[in-house]
J.: 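Got a structure for you, written out below as structure tokens; questions coming shortly.
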Amino acid sequence: MPGIGNGAAAAAGGGAAARAAFASRVRSREFTPLPGVFDLISARICDGYGFSGLYMTGYGAVASHLGLPDAGLATYSEMVERVSRICSVTRTPLIADADTGYGGLLNVQHTVRGYERAGAAGIQLEDQQFPKKCGHAPGSRPVIELPEAVAKIAVAVESRESEDFLVVARTDARSDYGLAEALRRAEAFARAGADVLFVEGPRSLEEMRAVGRALDLPLMANMVDGGRTPVLSREELREVGYTLALFPATGFLAAGAALRSVYSHIAEHGSSAGLAQPLHDFDAFSELMGFPEVREFEERWASRVEEL
């Protein structure tokens, strides 16, 4: 498990070599699950499990940072800071949600450069109109005109400093316009230079198979527990043709359930005594957060202060 020293010693997000290896893995279409991280605790815990990549979920980042819905309310400044902080304490390459790019083409350029310099290994951009909405929440999700959407992807590709920084092009057209339009857009994004294609919200296994048959780039599946798309097994995802599988909500839904359990118990009993909910060991959690490094620093400087 990483602590303060481990997180700081490695370059953000694992460094250039780790990001290059991750990009190569994706481009070679080696199946890769990406667990969703949404705050610094989830990032530190997830970083210790040997994943090839992590995913900063926009829904979870907005909910944990602002306590608001994923509805276009977070700004570029808030989100790039979140990227930077997560990358600063992890060694695993991170793909980060950037919504619609936070504006027009110039904003997309600024966003790509900011996310890359913050330590991300890739950026996800979508074609929704602003303000956007979570792809699995109720309601309509209109998209921008295709030429503008394609231009955003082309600008993103041109703006990155390294080709190892992956551009994930997402379309939300399936929701309001049907799968055929979503596939048409994804094909246009491929021609614009996207590294990964993300057709959001297929409603069935057959629709997911249609995505796999139609598109010839690494594909991203969004496995939202309780969402509109069926959650498939690793074997099924591979068979359908997906390279990346996001699990954006699993972590914060589990955390939410655990918090409800313990807070309702305290509210009812006035104490945490007798909790049925398993708790993380306190000493191990303190180690995860970097307290051994703090103690080592204090002890080392205590002796040096006496010598000075």
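Atoms considered below: every heavy atom in the structure, side chains included; atoms not considered: hydrogens, waters and symmetry mates.
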J.: So Tyr55 and Pro35, do their side chains get closer than 4.5 Å, heavy atoms only?
T.: no
J.: What I want to find out is whether Arg170 reaches Asp172 closely enough, with some N-O distance under 4.0 Å, to be called a salt bridge.
T.: yes
J.: For Glu207 and Ser204, what are the C-alpha separation, side-chain angles and deciding distance, and is it a side-chain hydrogen bond (donor to acceptor under 3.5 Å, both in side chains)?
T.: CA-CA 5 Å; Glu207 287 198 1; Ser204 65; 4.8 Å; no
J.: Yes or no on side chain to side chain contact (heavy atoms under 4.5 Å, CB included) for Cys46 and Phe51, after CA distance, side-chain angles and deciding distance?
T.: CA-CA 8 Å; Cys46 204; Phe51 288 102; 3.8 Å; yes
J.: Are Asp283 and Ser286 close enough that a side-chain donor and a side-chain acceptor fall under 3.5 Å?
T.: no
J.: Tell me if a side-chain donor or acceptor on Arg160 pairs with a main-chain N or O of Phe165 at a distance below 3.5 Å.
T.: yes
J.: Taking C-beta and beyond as the side chain, do Arg82 and Met56 meet within less than 4.5 Å on heavy atoms?
T.: yes
J.: Please check: side-chain N/O of Glu298 versus main-chain N/O of Arg295, any donor-acceptor pairing under 3.5 Å?
T.: no
J.: Evaluate the side-chain proximity of Leu179 to Val199: yes if any heavy-atom separation is below 4.5 Å, no if none is.
T.: yes
J.: Given 3.5 Å as the limit, does a donor-acceptor pair link the side chain of Thr90 with the main chain of Ile86, or not?
T.: yes
J.: Let me check something: any side-chain donor-acceptor pairs from residues 98-114 under 3.5 Å, sequence neighbours excluded? List them with distances.
T.:
residue : atom : partner : partner atom : Å
Asp99   : OD1  : Lys132  : NZ           : 3.3
Tyr102  : OH   : Tyr115  : OH           : 3.2
Asn107  : OD1  : Gly104  : N            : 2.9
Asn107  : ND2  : Tyr102  : O            : 3.3
Thr111  : OG1  : Gly101  : O            : 3.1
Thr111  : OG1  : Asn107  : O            : 2.9

J.: Report the C-alpha separation of Arg44 and Asp39 in whole Å, then their side-chain angles, then the decisive distance to 0.1 Å, and conclude whether the salt bridge (charged side-chain N to carboxylate O under 4.0 Å, His left out) test is met.
T.: CA-CA 9 Å; Arg44 278 190 179 272; Asp39 66 2; over 6 Å; no
J.: Is Asp176 paired with Arg141 through a side-chain N to carboxylate O contact shorter than 4.0 Å?
T.: no
J.: Under 3.5 Å, is there a donor-acceptor pair between the side chain of Glu299 and the main chain of Glu296?
T.: no
J.: For a side chain to side chain contact (heavy atoms under 4.5 Å, CB included) check, start with the C-alpha distance between Tyr242 and Val211, then their side-chain angles and the critical distance, and finish with the verdict.
T.: CA-CA 9 Å; Tyr242 285 97; Val211 172; 3.9 Å; yes
J.: For the pair Asn222 (side chain) and Val224 (backbone), establish whether a donor and an acceptor sit closer than 3.5 Å, ignoring hydrogens and angles.
T.: no
J.: Whether Arg209 and Glu239 form a salt bridge (side-chain N of Lys/Arg under 4.0 Å from carboxylate O of Asp/Glu) is what I want to check.
T.: yes
J.: May I ask whether Val26 and Val157 are part of the same hydrophobic cluster, defined by side-chain heavy atoms of I, L, V, M, F, W, Y residues being less than 4.5 angstrom apart, directly or through others?
T.: no
J.: Less than 4.5 Å apart, any side-chain heavy atom of Leu166 and any of Ile123?
T.: no
J.: When you measure from the side chain of Glu116 to the backbone of Glu161, do you find a donor-acceptor pair of N or O atoms at a distance under 3.5 Å?
T.: yes
J.: Among Val196, Val168, Asp195, exactly one meets side-chain contact (heavy atoms from CB on, under 4.5 Å) together with Pro218. Which residue is that?
T.: Val196
J.: Is the shortest side-chain heavy-atom distance between Leu34 and Phe247 below 4.5 Å?
T.: no
J.: Tell me whether Arg85 is salt-bridged to Glu81, with the criterion being a basic N under 4.0 Å from an acidic carboxylate O.
T.: yes
J.: Report, as yes or no, whether the 6.0 Å neighbourhood of atom CD on Glu145 holds more than 12 heavy atoms from other residues, nucleotides or ligands.
T.: no
J.: Indicate yes or no: at least one non-hydrogen side-chain atom of Glu78 is less than 4.5 angstrom from one of His65.
T.: yes
J.: Under the ring pair (Phe, Tyr, Trp, His ring centres under 6.0 Å) criterion, do Phe38 and Tyr59 qualify, and how do the steps go?
T.: CA-CA 8 Å; Phe38 53 93; Tyr59 187 123; over 10 Å; no
J.: Any chance CG of Asp225 has more than 12 other-residue heavy atoms, nucleotides or ligands included, within less than 6.0 Å?
T.: yes
J.: Are Phe198 and Gln124 close enough that some pair of their side-chain heavy atoms sits under 4.5 Å apart?
T.: yes
J.: Could you walk me through whether Phe189 and Val150 pass the side chain to side chain contact (heavy atoms under 4.5 Å, CB included) check?
T.: CA-CA 6 Å; Phe189 297 160; Val150 169; 4.1 Å; yes
J.: For Asp127, is there an ion pair with Arg185 - N to carboxylate O distance below 4.0 angstrom?
T.: yes
J.: Would you say the side-chain atoms of Ser264 pair up with the backbone N or O of Arg260, donor to acceptor, closer than 3.5 Å?
T.: yes
J.: Under the side chain to side chain contact (heavy atoms under 4.5 Å, CB included) criterion, do Gln128 and Ile144 qualify, and how do the steps go?
T.: CA-CA 6 Å; Gln128 284 194 49; Ile144 60 177; over 6 Å; no
J.: Within the side chain of Thr229, is there an N or O that forms a donor-acceptor pair under 3.5 Å with the backbone of Pro202?
T.: yes
J.: Check this for me: does any side-chain nitrogen of one of Arg174 and Glu181 sit under 4.0 Å from a carboxylate oxygen of the other?
T.: no
J.: Determine, stepwise, if the pair Arg25 / Thr32 fulfils side-chain hydrogen bond (donor to acceptor under 3.5 Å, both in side chains).
T.: CA-CA 8 Å; Arg25 178 188 179 95; Thr32 304; 2.6 Å; yes
J.: Quick one, Leu73 and Pro131 - any side-chain contact, counting heavy atoms below 4.5 Å?
T.: no
J.: Working note: Thr243 + Arg238, criterion side-chain hydrogen bond (donor to acceptor under 3.5 Å, both in side chains); need CA distance, chi angles, decisive distance, verdict.
T.: CA-CA 7 Å; Thr243 296; Arg238 282 172 165 164; over 6 Å; no
